[in-house]
Participant: 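I'd like to ask you about the structure that follows.
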There are 2 protein chains.
Amino acid sequence: MVLSHTAEDYLEQIYLLSLRLGMVKTSDIARELGVRTPSVISALKLLKNRNLVHYERYGAVTLSEKGLERARDVYERHKTIYRFLRFILGIDDEIASEDACGMEHFVSPKTLAAMKDFFAFLAWKKSQGLDIQSELRAFRKRGSHIPGGSITMTSESPEAQPLSAGKDNVLYTIVKLGGERGVKRRLLDMGVIPGETVKIQNRGPLGFPLEIVIQGYVLTLRKDEAEAVTVREA
Amino acid sequence: MVLSHTAEDYLEQIYLLSLRLGMVKTSDIARELGVRTPSVISALKLLKNRNLVHYERYGAVTLSEKGLERARDVYERHKTIYRFLRFILGIDDEIASEDACGMEHFVSPKTLAAMKDFFAFLAWKKSQGLDIQSELRAFRKRGSHIPGGSITMTSESPEAQPLSAGKDNVLYTIVKLGGERGVKRRLLDMGVIPGETVKIQNRGPLGFPLEIVIQGYVLTLRKDEAEAVTVREA
DNA sequence: GCCCCGTGTTAGGCCGCCCTAACAATATCA
DNA sequence: TGATATTGTTAGGGCGGCCTAACACGGGGC
């Protein structure tokens with residue numbers, strides 16, 4: 001069932017309030033979500049039509065079977081993200097909570113699963129005597145940031161060529177992106193954009209994939225991706 | 001300047017299209033964002049009123065100084081999240097891209113900074129001969145998930161007490177949450193909810209903070225937080 | 001120069017979500 | 001029990017964002 005983010009927020013909040021207070025009134029929901037009661041009422045009507053809540057005029061709000069399931073799901077996502085932000089990335093609880101509220105409606109099941117796996121992984125490493133969490137904390141405290149920084153140069157020099165034909169350890173300026181939509185999107189996602197400087201630092205056994213450095217990050221480009229990138233020597 | 005998420009999406013897309021195609025037409029934006037051209041037009045009017053884009057009837061769309069700045073910011077967030085999801089959590093590019101699109105409007109600067117630090121941390125560890133990234137990949141491949149699982153028991157037995165007065169290594173069922181709003185919210189964020197079973201497994205030198213186990217996760221509770229949790233022996 | 005076709009634009013409607021103002025029900029207390 | 005304060009609900013409006021349908025502009029073939 002497709003549900004708007006606000007609807008999910010209402011469900012989640014009803015769930016949490018029922019845990020905290022036992023019985024949920026419209027005004028509680030309004031206070032908690034920072035909206036006025038009429039907004040809550042109309043939201044409840046919508047949720048009732050979809051059989052997600054039980055609600056009669058002047059009565060208490062309760063979740064239906066389906067509503068409870070959905071609410072728990074949203075809350076589960078919230079918790080996972082919150083914990084991840086707070087205990088792995090080290091974000092303060094205020095901000096972690098806010099970020100989690102925003103992100104909980106967008107995070108895919110796979111990403112969520114990966115976050116949970118991450119916890120398991122850290123626990124496992126810890127049981128082996130390696131406390132990555134506290135090492136990371138210490139690392140951040142030392143104030144080490146991304147080393148190297150980005151090199152940005154724009155030159156008007158000679159021939160443009162596909163990056164796939166480039167040499168190792170030469171600095172290139174990206175001139176243009178080609179390729180079809182999927183490839184292009186992926187390149188842009190990774191930060192491969194015109195004007196940026198890039199270097200091939202390594203490659204796979206058959207010449208591909210390329211390991212490139214851009215803006216201080218190391219990325220891997222498949223052959224079709226490298227062919228879609230037009231560069232010029234910097 | 002406060003800007004809706006859709007407005008940010010438009011700016012970002014205009015930026016990316018200008019990088020890819022040089023000149024941006026309304027129809028390009030529509031195609032890319034999956035909306036119809038009239039929607040683009042009205043969005044552009046709004047952006048123009050805010051001095052974020054330059055745009056004349058039947059003309060090309062370009063970003064203003066301010067618009068470019070904002071677009072770069074959104075794109076920067078997108079990239080960081082995408083990279084984090086893809087290269088640290090190991091999500092496939094399709095899903096990572098979608099998730100990043102949703103999350104980019106909600107992630108706080110601190111969280112973003114923490115993600116970048118994480119990259120730096122991994123690079124540093126790698127330079128020390130420890131490749132956490134590939135270890136994590138291998139770990140996930142083995143299919144290890146959260147060990148232990150959650151224990152859920154509900155008993156109707158004796159006195160309720162604050163968790164702060166609890167003994168170590170005894171299983172408690174959470175009955176109720178008290179405390180003021182901030183504290184309650186934090187507890188709920190962490191998954192401390194009525195009905196759950198909890199155990200104190202360790203504590204700080206002066207009795208606090210408590211290290212508790214809930215649903216297989218280890219959390220730390222300050223004194224005020226522990227006092228707000230009413231429990232009963234399970 | 002004229003017509004036609006594709007593309008860009010305006011007009012106008014719908015829906016979700018929020019609001020304020022006014023009204024209805026309930027609770028409180030003399 | 002009836003007057004009053006509190007709380008909940010309906011009515012109606014605004015705004016953002018999307019749509020379709022209808023209209024305007026601009027370039028290519030003749």
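Protein chains get the first letters and strands the later ones, always in sequence-line order, with residue 1 at the start of each.
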Participant: Could you state the NZ-P distance from B:K45 to C:dG8, rounded to the nearest angstrom?
Facilitator: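 Atom NZ in B:K45 sits about 15 Å away from atom P in C:dG8.
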Participant: Check every strand shown and say whether B:S4 touches a base, only sugar-phosphate, or nothing at a heavy-atom separation below 4.0 Å.
Facilitator: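 Contact class for B:S4: sugar-phosphate only.
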Participant: Could you check whether A:T26 gets within reach of a base, just the sugar-phosphate, or nothing at all, counting any heavy atom under 4.0 Å?
Facilitator: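 It contacts sugar-phosphate atoms only.
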Participant: How long is the line joining CD1 of B:I41 and P of C:dT7, in whole Å?
Facilitator: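 Taking CD1 of B:I41 and P of C:dT7, I get 14 Å after rounding.
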Participant: Kindly give the atom pairs (protein nitrogen or oxygen, nucleotide nitrogen or oxygen) under 3.5 Å for nucleotides 12-15 of chain D.
Facilitator:
none

Participant: Round to a whole Å and report the spacing from CG of A:D9 to C1' of C:dG16.
Facilitator: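 In whole Å, C:dG16 C1' lies 14 Å from A:D9 CG.
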Participant: Would you say that A:V40 contacts A:V61 through its side chain, given a criterion of any heavy-atom pair below 4.5 Å between the two side chains?
Facilitator: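 Side chain of A:V40 against side chain of A:V61, heavy atoms only: no contact under 4.5 Å found.
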Participant: Rounded off to whole Å, could you give me the CD1-to-C1' distance for the A:I29 and D:dT7 pair?
Facilitator: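 Taking CD1 of A:I29 and C1' of D:dT7, I get 14 Å after rounding.
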Participant: Send over the distance from A:H5 NE2 to D:dG17 P, rounded to a whole Å.
Facilitator: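 For the pair A:H5 NE2 and D:dG17 P, the rounded distance is 14 Å.
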Participant: Could you state the atom-to-atom distance from CG of A:L44 to C1' of C:dC18 in whole Å?
Facilitator: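 Distance check: A:L44 CG to C:dC18 C1' gives 15 Å.
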Participant: With the side chain counted from C-beta on, respond yes when B:D189 and A:K79 share a heavy-atom pair under 4.5 Å apart, and no when they do not.
Facilitator: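 In short, these two side chains do not touch, never coming nearer than 4.5 Å.
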Participant: Is the distance between the ring centroids of A:F106 and B:H105 under 6.0 Å?
Facilitator: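 No: the rings miss the under 6.0 Å criterion.
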Participant: Could you tell me whether B:E65 and B:R70 make a salt bridge, using a distance below 4.0 angstrom between a side-chain N and a carboxylate O?
Facilitator: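 Answer for the salt bridge query: no.
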Participant: Should the pair A:R83 and A:F119 be classed as cation-pi, given the thresholds of under 6.0 Å to the six-membered ring centre and 45° from the axis?
Facilitator: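 Checked: cation-pi criterion not met.
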Participant: Measuring from atom CZ of B:R186 to atom CD of B:E225, what distance do you get when rounded to the nearest 0.5 angstrom?
Facilitator: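 Reported value, rounded in 0.5 Å steps: 4.5 Å.
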Participant: Which is true for B:T6 with a 4.0 Å heavy-atom rule: it touches a base, it touches only sugar-phosphate, or it touches nothing?
Facilitator: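 Result for B:T6 = sugar-phosphate.
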Participant: Quick one: which of B:L44, B:L3, B:L33 gives a side chain to side chain contact (heavy atoms under 4.5 Å, CB included) with B:Y10?
Facilitator: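 When side chain to side chain contact (heavy atoms under 4.5 Å, CB included) is applied between B:Y10 and each of B:L44, B:L3, B:L33, only B:L33 qualifies.
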Participant: In whole angstrom, give the distance that lies between atom CG of A:D28 and atom P of D:dT7.
Facilitator: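 My rounded result for the distance is 11 Å.
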Participant: Specify the separation, in whole Å, of atom CG of B:N49 and atom C1' of D:dG17.
Facilitator: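 Answer to the nearest Å: 16 Å.
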Participant: Looking at B:R72, B:E8, B:E12, B:M115, which one forms a side chain to side chain contact (heavy atoms under 4.5 Å, CB included) with B:R77?
Facilitator: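 So, applying the side chain to side chain contact (heavy atoms under 4.5 Å, CB included) to B:R77 and each of B:R72, B:E8, B:E12, B:M115, only B:E8 qualifies.
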Participant: I need the residues from residues 53-64 of chain B with at least one non-hydrogen atom less than 4.0 Å from DNA chain C; give them sorted by number, or say none.
Facilitator: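 Within this stretch, B:Y55, B:R57, B:Y58 sit under 4.0 Å of the strand.
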Participant: A:V198 and side chain to side chain contact (heavy atoms under 4.5 Å, CB included): which partner among A:I212, A:L219, A:T173?
Facilitator: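 Testing each of A:I212, A:L219, A:T173 against A:V198, the sole residue satisfying side chain to side chain contact (heavy atoms under 4.5 Å, CB included) is A:I212.
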Participant: Determine the contact category for A:S39: base if any of its heavy atoms lies under 4.0 Å from a base atom, sugar-phosphate if only primed atoms, P, OP1 or OP2 are that close, otherwise nothing.
Facilitator: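 Base contact.
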